[in-house]
Amino acid sequence: PTRVLLLVTLLVSFQEYIVFTAKIVGGSFASLVYIFPPTGLAYICFFGLVVKSTIEEEILKYFSLAKEVQERAYVPYSNFRVGAVVVDENGKIYTGNNIENSSYSLTICAERVAIFKAISEGSRDIKTICVIGQTDKPISPCGACRQVISELAPNAVVYLSNRDMSRIIKTNINELLPY
Ligand code: THU
């Protein structure tokens, strides 16, 4: 029994170590508990796996917020919902979704709503823009939005996601509007 206790303690410590490492590198942790009772005694083994995500956890949080806002888009004409999140120099978060109009050119895109909300509240150096659509490929911002980003958020890191955040492009206005 002392040996079993020692083994379990060791394995638990190992698990703690993996969880700790996962936190440091900003990855996620997966574990598997395996119960092996050969002689009536249960041995518990832990297998740890540290997965370093390429997109920062913070960005994924912004995208889950963008997904919430996306639900509230006003899209009776296209039925295509877009959500956006903008983060300014003070870490303040602004959201936006697309709002359409029967006079189609009066439609405003999600990212412009979020950017205008931020600017109107005093933001002057937008750091991050996240946009999520309903396509299989990451969404592609329209020309007008690229122009607005160039004017009002030239330093922003821009993240463009597909419908389920399985494909996210990290870009910026120099790539989206090079000339
Ligand atoms: N739309 C956005 O809100 N953002 C984009 O980046 C692309 C397009 C909106 C405009 C319109 O309401 C609908 O998506 C279809 O084009």
Side-chain angles (χ1 to χ4, degrees), residues 22-30 49-179:
K23 273 193 190 144
I24 288 177
V25 301
S28 54
F29 175 77
L49 176 70
V50 177
V51 184
K52 175 103 177 80
S53 143
T54 45
I55 294 287
E56 302 91 291
E57 234 166 82
E58 208 173 36
I59 300 303
L60 294 178
K61 274 190 209 147
Y62 296 150
F63 270 117
S64 10
L65 182 59
K67 263 186 100 62
E68 273 177 40
V69 193
Q70 184 183 22
E71 296 301 313
R72 299 196 291 271
Y74 176 77
V75 290
Y77 304 103
S78 72
N79 213 24
F80 183 78
R81 293 175 190 278
V82 185
V85 160
V86 154
V87 188
D88 77 1
E89 65 274 26
N90 299 314
K92 271 196 84 176
I93 297 173
Y94 298 90
T95 59
N97 50 25
N98 50 334
I99 304 168
E100 297 185 343
N101 197 286
S102 60
S103 173
Y104 209 82
S105 64
L106 297 183
T107 290
I108 183 160
C109 295
E111 47 273 60
R112 261 182 290 155
V113 170
I115 293 169
F116 291 161
K117 278 166 80 175
I119 298 296
S120 70
E121 291 295 316
S123 305
R124 284 299 178 267
D125 189 14
I126 290 170
K127 298 289 184 196
T128 310
I129 299 174
C130 298
V131 193
I132 187 162
Q134 292 186 298
T135 38
D136 293 336
K137 285 185 189 170
I139 191 160
S140 176
C142 77
C145 284
R146 292 177 196 222
Q147 183 66 30
V148 165
I149 294 170
S150 154
E151 175 77 30
L152 300 172
N155 303 318
V157 180
V158 181
Y159 295 90
L160 306 168
S161 176
N162 67 339
R163 67 173 84 240
D164 61 1
M165 296 186 268
S166 58
R167 292 180 65 187
I168 298 175
I169 290 174
K170 182 179 181 179
T171 183
N172 57 56
I173 198 59
N174 294 327
E175 285 177 359
L176 293 168
L177 198 68
Y179 305 110

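Note: hydrogens, waters and symmetry copies are ignored here, and every other heavy atom, side chains too, is used. Note that ligands are numbered from 1 as they come in the structure, with each ligand's atoms numbered from 1 the same way. Here the structure is a predicted model, which is why all the values come from computation and not from measurement.
- A heavy-atom cutoff of 4.0 Å around ligand 1 is satisfied by the protein residues Ser78, Phe80, Val82, Asn98, Glu100, Tyr104, Thr107, Cys109, Ala110, Glu111, Ile139, Ser140, Pro141.
- Here Arg112 pairs with nothing under the salt bridge (charged side-chain N to carboxylate O under 4.0 Å, His left out) rule; sequence neighbours left out.
- Using a 4.5 Å heavy-atom cutoff, the side chains of Ile108 and Phe116 are in contact.
- In this structure, a donor-acceptor pair under 3.5 Å is absent between the side chains of Ser103 and Asn101.
- Contacts classified as side-chain hydrogen bond (donor to acceptor under 3.5 Å, both in side chains) and involving residues 59-87 (residues at least two apart or in different chains) are given here: Ser78-Glu100.
- Between Arg163 and Asp136 there is a side-chain heavy-atom pair separated by less than 4.5 Å.
- Judged as a side-chain hydrogen bond (donor to acceptor under 3.5 Å, both in side chains), the pairs with a partner in residues 137-150 (not counting sequence neighbours) are, in order, Ser140-Arg146.
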